[in-house]
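All values below come from the heavy atoms of this structure, side chains included, with hydrogens, waters and symmetry mates left out.
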There are 2 protein chains.
Amino acid sequence: MAKRARTTRVGISDVATKAGVSLATVSRVMNGNLSVDPQIAKRVRATAAELKYLPNPTGRNLARGKTDTIGVVVPDLGNPTFQAVLRGVSRAAAQDGYRVLIADSSEVSSEEAILAGEARRRCDGVVLCAPRMGAAELEELAPSLHPMVLVNRATNATGSPSVMVDYGKGIQDLAAHLVELGHTRLAYVAGPASSASHGLRLAGLETFKRSHPGIELKVLPNGSTFEDGYNSADAVVASGASGIMAFNDLTAMGLLSSLNERGIRVPADMSVTGFDDIPFARYTTPALTTAAVPIVDVGEQAWRQMRELLNGTAGGGTSATPGQAGSEVAAGTTAAPTTSIFTPTLVVRGSTAAPPATGR
Amino acid sequence: MAKRARTTRVGISDVATKAGVSLATVSRVMNGNLSVDPQIAKRVRATAAELKYLPNPTGRNLARGKTDTIGVVVPDLGNPTFQAVLRGVSRAAAQDGYRVLIADSSEVSSEEAILAGEARRRCDGVVLCAPRMGAAELEELAPSLHPMVLVNRATNATGSPSVMVDYGKGIQDLAAHLVELGHTRLAYVAGPASSASHGLRLAGLETFKRSHPGIELKVLPNGSTFEDGYNSADAVVASGASGIMAFNDLTAMGLLSSLNERGIRVPADMSVTGFDDIPFARYTTPALTTAAVPIVDVGEQAWRQMRELLNGTAGGGTSATPGQAGSEVAAGTTAAPTTSIFTPTLVVRGSTAAPPATGR
DNA sequence: GATGATTGAGAAAGCGTTTTCTCAATCCGT
DNA sequence: ACGGATTGAGAAAACGCTTTCTCAATCATC
């Protein structure tokens with residue numbers, strides 16, 4: 001016959017009643033508001049502990065207008081790159097008391113925008129990984145997603161920071177490495193045409209070409225998966241190149257596997273490079289020469305940018321310069337969005353060597 | 001000078017006013033409540049679209065007492081197994097309109113309980129992967145986490161369903177496979193002592209031993225990472241075994257790599273098996289014989305169990321039997337928790353063969 | 001054409017906090 | 001000691017939505 005017996009859990013009012021204070025006071029105590037008598041504060045805390053009271057997050061969220069949660073939207077949770085970004089964001093955010101809601105579009109890019117919007121409304125901000133989304137769509141979506149941090153993408157017209165990887169530089173380093181070893185006929189086993197990071201690699205290679213006129217460089221259209229790499233062997237062999245740059249470590253490993261089956265020896269007959277330096281790259285046979293991308297750091301940095309946005313220290317400006325990354329401020333249309341750029345590091349392992357003498 | 005101009009976004013009352021109806025009606029329309037005149041419904045919908053109104057999830061959450069979100073707590077987001085579970089849960093949940101909040105304890109198991117509780121309060125339920133948590137702690141935690149689904153763990157005293165992988169059966173299959181090939185001296189390169197799934201493998205091996213008295217089987221303490229596998233080579237060689245079962249694919253790959261460096265040929269000199277069948281397992285050289293664990297399916301099934309719980313169809317009982325999994329109902333203390341058991345499948349690849357003739 | 005059953009929509013009461021507003025009770029300086 | 005400045009805590013108004021309650025209007029029934 002109690003007023004309202006088995007309502008839900010123990011609420012703030014239960015504590016208030018039992019401690020003989022008002023709701024407001026309990027709230028103040030719970031939130032560390034100092035303007036409350038130490039005596040009372042202590043009593044309230046004791047009562048709360050005794051009742052095992054824990055504030056209901058939903059109620060707080062509504063009242064405070066924030067959720068302490070950010071969304072991370074990725075095109076494919078199965079992809080090691082996005083897994084690593086997610087991990088980086090998640091751990092860094094956790095440090096600051098934020099949680100992460102995941103939104104996996106499962107490669108269905110038509111869903112991406114809806115998913116991102118959905119996530120945004122549930123959270124205080126969104127970290128968007130959308131490598132395939134059209135620039136126009138992104139630009140249109142951006143305002144409604146703010147605060148948003150872009151990963152490996154950029155857009156004007158919004159003060160959305162980006163954290164990017166300089167894939168162009170990375171692939172140039174790899175190409176230079178191969179040339180240094182003596183290779184003159186190179187091939188790039190390309191990624192998906194719609195992939196933004198593929199575009200950056202391509203641009204980097206264009207630059208490379210211009211500064212290395214004597215080098216032959218073919219681009220072989222391909223994909224981004226293990227299988228794609230495996231299946232690219234025919235085209236690779238046909239290309240006549242001796243130095244092969246795969247789109248990423250996954251395709252490089254697929255290619256490696258396929259070449260191995262054909263009896264083509266790496267690196268004796270052919271050199272192969274990957275990209276990303278996923279954990280497995282060092283354990284392939286031979287171990288993969290690759291361009292290491294500090295992708296977890298990218299996730300962490302994405303969180304830092306987000307935190308900046310959330311703390312309203314806004315206005316762009318120079319954010320904390322990330323550890324090994326160069327930071328750069330691009331003059332944006334409105335706010336001057338911050339861009340962090342991470343540069344891949346060349347990691348030389350066993351899969352590259354001088355080309356066979358006959359090859360010349 | 002408007003009443004309350006730039007409050008926040010467009011809210012339900014804006015729509016109500018503009019459409020000339022009450023808040024209640026707008027709510028009803030937005031929630032597909034049929035008891036509203038089609039004419040009015042249409043008008044409301046039009047107004048909502050015009051104003052780009054989208055209901056504020058936090059408000060809904062509070063009013064409905066649910067969040068359409070579940071938490072997934074994992075000990076390590078870097079571990080492929082948990083990544084796969086997460087992916088399975090996330091995608092399956094998304095199908096049913098639920099989102100996933102991730103809680104990564106980063107291997108800090110002392111944080112696990114707090115993290116799980118935290119997640120639970122923000123969500124409608126929790127999927128808990130806590131292979132290292134003590135049984136006692138788990139049991140104590142369980143009630144406060146309900147509704148909860150356990151992955152690769154079980155607990156009485158709560159009606160919490162489990163979805164498990166029969167690691168014991170899997171390792172027995174691997175051992176049998178090796179024996180069938182002619183190996184008589186086996187070694188199990190163990191996982192972390194505190195790992196529950198390691199315990200299951202161990203138990204399976206005990207069973208195996210009993211039914212194969214003539215076979216020698218050594219257990220070599222080790223860990224769960226690539227590095228651990230790599231570093232186990234000494235012990236493996238010293239064991240004198242010709243058939244090696246690694247804790248998982250990761251350690252198997254590390255071992256493979258290390259053996260390769262020592263000039264020990266797999267499978268000519270030594271056979272090696274993994275466990276899990278992670279995507280990379282088929283691309284190692286030689287390709288890894290392993291016990292395939294449908295781990296994404298585990299995640300999916302975890303979601304189904306959760307959905308069952310959430311829909312309150314509760315009471316345990318026989319849930320939908322998962323595709324290739326055996327389903328089994330254990331007689332629980334109270335509700336009779338449902339347990340889904342997935343059995344690994346033996347996948348024979350190139351890393352196993354008959355032992356060298358000399359070995360005998 | 002009067003009466004009871006239905007349908008449909010508005011008013012208002014939550015949902016569980018936070019936070020502004022108010023006011024009573026101290027404290028300070030002179 | 002007295003007025004003004006502080007401090008501290010309670011009352012009440014959000015926060016944005018859902019849902020029960022209530023009642024007016026429409027419908028079917030005899």
Side-chain angles (χ1 to χ4, degrees), chain A residues 3-45 47-48 51-69 118 120-124, chain B residues 3-45 47-48 51-69 118 120-124:
Chain A
K3 271 185 178 177
R4 36 159 154 138
R6 86 210 78 107
T7 320
T8 49
R9 300 284 169 189
V10 31
I12 198 172
S13 61
D14 297 312
V15 179
T17 307
K18 180 140 192 179
V21 298
S22 73
L23 302 192
T25 300
V26 177
S27 173
R28 283 191 272 256
V29 172
M30 297 307 290
N31 294 311
N33 189 324
L34 16 139
S35 80
V36 49
D37 186 288
Q39 285 291 331
I40 298 188
K42 190 181 168 192
R43 177 154 46 97
V44 168
R45 258 190 293 274
T47 315
L51 261 40
K52 294 192 194 310
Y53 167 71
L54 289 169
N56 173 319
T58 306
R60 297 192 82 209
N61 290 346
L62 184 58
R64 303 191 318 155
K66 63 191 301 264
T67 63
D68 294 345
T69 303
E118 242 273 331
R120 174 59 187 85
R121 262 172 296 122
R122 288 191 129 71
C123 305
D124 300 343
Chain B
K3 271 186 178 178
R4 35 158 155 138
R6 86 209 80 107
T7 320
T8 50
R9 301 284 171 189
V10 30
I12 198 172
S13 60
D14 297 312
V15 179
T17 307
K18 179 139 190 180
V21 297
S22 74
L23 301 193
T25 301
V26 176
S27 174
R28 282 190 273 256
V29 171
M30 296 308 289
N31 293 311
N33 188 324
L34 13 139
S35 81
V36 49
D37 186 289
Q39 285 291 331
I40 298 187
K42 190 180 168 192
R43 175 153 47 97
V44 169
R45 258 190 293 274
T47 314
L51 261 41
K52 295 193 194 311
Y53 166 72
L54 289 169
N56 173 319
T58 306
R60 297 192 79 208
N61 290 347
L62 186 57
R64 302 191 318 155
K66 64 192 300 264
T67 64
D68 293 347
T69 302
E118 241 273 332
R120 172 60 187 84
R121 261 173 295 121
R122 287 191 132 71
C123 303
D124 300 343

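Heavy atoms of B:Gly11 sit under 4.0 angstrom from primed sugar atoms or phosphate atoms, though from no base atom. Nucleic acid contact for B:Val26: none, since no nucleic acid atom lies under 4.0 Å from a heavy atom of the residue. Within the 4.0 angstrom heavy-atom criterion, only backbone atoms of the sugar-phosphate kind lie near A:Thr25; the bases stay farther away.
In this structure, the CZ atom of A:Arg64 is 7 Å from the P atom of C:dT19, given to the nearest Å. Residue B:Asn56 contributes atom CG, which lies 7 Å from atom P of D:dG16 at whole-angstrom precision. In this structure, A:Ile40 atom CD1 and C:dT26 atom P are separated by 12 Å, rounded to whole Å. To the nearest angstrom, P of C:dT22 lies 19 Å from CG of A:Leu23. Rounding to whole angstrom units, CG of residue B:Leu54 and C1' of D:dG16 are separated by 14 Å. In this structure, CD1 of A:Ile12 is placed 15 Å from C1' of D:dC15, rounded to the nearest angstrom. One can place CG of B:Asn61 at 12 Å from C1' of D:dT18, the figure rounded to the nearest angstrom. Rounding to whole angstrom units, CG of residue A:Asn31 and C1' of D:dA9 are separated by 16 Å.
At D:dT18, one or more side-chain N or O atoms of B:Arg60 fall inside 4.0 Å of OP1 or OP2 (strictly under the cut-off).
In this structure, of D:dG10, D:dC17, C:dG16, it is C:dG16 that holds the atom nearest to the side chain of A:Ala63. Here C:dA9 is the nucleotide among C:dA9, D:dC17, D:dG8 with the atom lying nearest to any side-chain atom of B:Asp37. For A:Ala24, whose side chain is taken as the heavy atoms from C-beta onward, the closest listed nucleotide among C:dG16, D:dA11, C:dG10 is D:dA11. In this structure, the nucleotide among C:dT17, D:dG16, D:dC17 sitting nearest to the side chain of A:Leu62 is D:dG16. Comparing C:dA11, C:dT17, D:dG16 by their closest approach to the side chain of B:Ser22 singles out C:dA11.
For C:dG10, the base has a donor-acceptor partner in the side chain of B:Arg28 [N/O atoms by modelled type, under 3.5 angstrom].
Counted within 6.0 Å of NZ on A:Lys66, heavy atoms from surrounding residues, nucleotides or ligands total more than 12; the atom is thus considered enclosed.
Contact of the A:Arg9 side chain with the A:Asn56 side chain is not registered, since no non-hydrogen atoms from C-beta on lie closer than 4.5 Å. Between A:Ile12 and A:Met30, the closest side-chain pair of non-hydrogen atoms is not below 4.5 Å.
Side chain of B:Arg60 to backbone of B:Ala63: no donor-acceptor contact under 3.5 angstrom is found.
Partner of A:Arg64 under the side chain to side chain donor-acceptor pair (under 3.5 Å) criterion, out of A:Thr67, A:Asp68, A:Asn61: A:Asp68 alone.
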